[in-house]
Amino acid sequence: MNSEVLMVDLKGQYKRLKTELDQAALEVIAGGWYIGGTPVKEFSEALANYHGIDHVTTCGNGTDALQIALMALGIKPGDEVIVPSFTYIASAEVIALLGATPVFVDVDASNFNIDAEKIKEAISSKTKAVIVVHLYGQCADMEEILKLTDEHGIPVIEDGAQSIGADYLFSDQRIMKSGAIGTIGCTSFFPTKNLGAYGDGGAIMTKNSDLAEKIKMISNHGQRKKYYHEVLGVNSRLDTLQAAILNVKIKYLNDFIDRRRVAAGHYDHLLTEASGVSIPQRMEYSTHAFHQYTLILDPNFDRDTIKEKLASKGVPSMVYYPCPQHLQKGFVDNGINVGDLSNSVKLSNSVLSLPMHTELTEAQIQYICHTLLEVLNNEG
Ligand SMILES: *Cc1c(COP(=O)(O)O)cnc(C)c1O
């Protein structure tokens, strides 16, 4: 290997786009306007355009986006919000922070996502929303989920922090972007996400203009008119500097995703026959934005040992996530578990993510796969 294999290569991507990014950032710094302004407005429009949706409000980060979405839906103490247990903590944390109850359900072990059946079992008279997470970049089965939630009049928040750019295909051939399908879509511009800023950032999108108005107000101290606060809100905004960076990067978002897909294609090809790891199911109803390339390790392997051996040969790997949310200490007294959550537990113990970013070369992927197969053979 003539270049170090990295889990994520933000510097490499920056170098490729340096001229444009430097210019955009320096313009903001020299311009003297650091909060709001033209770059934020332009980025909101570009993001709305990309998703084919009318209303986008940018905010401070993806976690804030989820919290503001719940606040706009009027979620309050005593309400229940259904969420998958196998996800990043942010998806569930915001529910409990508002005094509402996260209701944890299991995910499908073959594709990591929540499905309508699991949601159905968890619906009660207190259910006020469902948060669907499109984990690792592949959409959950939104058509089935929306059929069920529409029947019950329950709004759906999409946690699209990992899935920006993925397309969902409905049975009538309509195609919608992840985040533009449910009642409200949330995403994150954390640096390592598919559309990453050079700091924190997030966005909230909706087709519903009343909700859009509330979202805008809540994210800005509950005010429509300066110093007149109609509701309780928060202070959550995307920096002008980050918006300028994102205005450059959004033009390359499809290219970034293509690069991730090419890398995933090489991995799939080299690992299909591997014994000891399995490749999760790729669903026909969704394209995959490959925020992560995640495998399932056979339970007879010790994952920590595999990780260590890989690392000793220069192959980084990560576990997203080692503990399901229903077992996190903070939720033990605040959440409700519905049904059997064994897939979430099993996946937490067996998933392994390999390097995935826009700068991976085919040679690097060959080395990663060759090393993984060798380690699995020696340990098996
Ligand atoms: C990253 C992430 C978030 C939170 O985004 P931040 O910008 O870090 O607050 C929420 N949900 C999921 C699934 C994520 O991966």
Side-chain angles (χ1 to χ4, degrees), residues 7-8 10 43 47 56-71 81-98 102 104-105 107 111-114 129-140 142 156-166 178-179 181-182 184-205 219 234-239 241-243 245-246 249 257 260 280 286 288-294 318-326 328 330-331 344 347-348 351 353 356-357:
M7 197 65 202
V8 178
L10 299 180
F43 177 64
L47 200 66
V56 168
T57 300
T58 53
C59 64
N61 56 66
T63 310
D64 278 2
L66 291 163
Q67 180 178 331
I68 293 163
L70 289 171
M71 290 172 79
V81 178
I82 297 170
V83 65
S85 177
F86 189 61
T87 180
Y88 179 55
I89 185 156
S91 324
E93 183 180 39
V94 289
I95 304 167
L97 280 175
L98 292 175
F104 294 110
V105 301
V107 295
N111 65 34
F112 310 121
N113 281 329
I114 193 171
V130 176
I131 296 181
V132 172
V133 184
H134 305 308
L135 203 67
Y136 305 143
Q138 182 173 240
C139 294
M142 290 302 287
V156 173
I157 297 172
E158 295 179 72
D159 180 346
Q162 302 189 359
S163 61
I164 189 165
S178 139
I181 313 165
I184 302 178
C186 297
T187 197
S188 162
F189 309 116
F190 186 82
T192 58
K193 299 278 155 89
N194 285 14
L195 180 58
Y198 293 149
D200 277 310
I204 311 146
M205 55 192 98
S219 66
V234 296
N235 170 27
S236 184
R237 49 203 173 203
L238 181 70
D239 289 356
L241 195 56
Q242 300 307 335
I245 299 291
L246 290 167
K249 282 205 182 186
I257 294 169
R260 289 172 178 274
S286 176
H288 203 314
F290 287 105
H291 175 57
Q292 299 298 346
Y293 185 86
T294 303
M318 293 288 278
V319 173
Y320 306 110
Y321 299 93
C323 179
Q325 298 313 315
H326 73 283
Q328 303 283 0
F331 292 130
S344 298
L347 290 172
S348 302
V351 286
S353 299
M356 176 49 81
H357 54 81

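The analysis underlying the following values was restricted to heavy atoms, covering all of them including side chains, and did not include hydrogens, waters or symmetry mates. Note that the structure is predicted; figures quoted are calculated from it, not measured. In listed order, ligands and their atoms are each counted from 1.
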* Give the residue, atom name and distance (to 0.1 Å) of the protein heavy atom nearest atom 13 (C) of ligand 1. => Asp159 OD2, 3.4 Å
* Structure fact -> Heavy-atom nearest pair, Ala69 first then Ile157, reads CB-CD1, 3.9 Å
* Structure fact -> Closest heavy-atom approach to atom 5 (O) of ligand 1 among Ala203, Cys186, Ser188 is made by Ser188
* Kindly give the heavy-atom pair with the smallest separation between Tyr198 and Lys249, and that separation in Å. => OH-CE, 3.5 Å
* Tell me, which protein residue and heavy-atom name are nearest atom 8 (O) of ligand 1, and how many Å apart are they? -> Phe190 CD1, 3.9 Å
* **Nearest-neighbour protein heavy atom for atom 15 (O) of ligand 1, which is reported as residue plus atom name and distance** => Gln162 NE2, 2.8 Å
* Do any nitrogen or oxygen atoms of Asp64 lie less than 3.5 angstrom from nitrogen or oxygen atoms of ligand 1? -> no
* Return yes or no for this condition: an N or O of Thr63 is under 3.5 Å from an N or O of ligand 1. => yes
* To the nearest 0.5 angstrom, please state how far the NE2 atom of His134 sits from the OG atom of Ser286. => 8.0 Å
* Asked: Does the ring-ring contact (aromatic ring centres under 6.0 Å, His included) test come out yes or no for Phe189 and Phe43, once each step is laid out?
  -> CA-CA 12 Å; Phe189 309 116; Phe43 177 64; 5.2 Å; yes
* Asked: Which atoms of ligand 1 have any heavy atom of Ala90 under 4.0 Å away?
  -> 4 (C), 10 (C)
* Structure fact -> Interatomic distance, NZ@Lys193 vs OG@Ser163, rounded to 0.5 Å, equals 10.0 Å
* Within-cut-off N or O pair, Leu66 and ligand 1, under 3.5 Å -> no
* Asked: Quick one: which ligand 1 atoms are inside 4.0 Å of a heavy atom on Lys193?
  -> 1 (C), 2 (C), 3 (C), 5 (O), 14 (C), 15 (O)
* Considering heavy atoms of the protein only, find what lies nearest to atom 6 (P) of ligand 1 and give residue, atom and distance to 0.1 Å. => Gly62 N, 3.4 Å
* Min N/O separation Asp200 to ligand 1 under 3.5 Å -> no
* Take Tyr88 and Tyr320 through the test ring-ring contact (aromatic ring centres under 6.0 Å, His included) and record every step on the way to the result. => CA-CA 8 Å; Tyr88 179 55; Tyr320 306 110; 9.2 Å; no
* Distance-only N or O hit between ligand 1 and Thr87, under 3.5 Å -> no
* Rounded to the nearest 0.5 Å, what separation is found between the CG atom of Asp200 and the CG atom of Asp64? -> 9.0 Å
* **Minimum heavy-atom distance Val351-Val319, with the two atoms named** => O-CG2, 3.9 Å
* **ligand 1 contacted by His291 (non-hydrogen, < 4.0 Å)** => no
* Structure fact -> dist Leu246:CG -> Leu238:CG (nearest 0.5 Å) comes out at 6.0 Å
* Asked: Counting from 1, what ligand 1 atoms have a heavy atom of Asn61 closer than 4.0 Å?
  -> 7 (O), 9 (O)
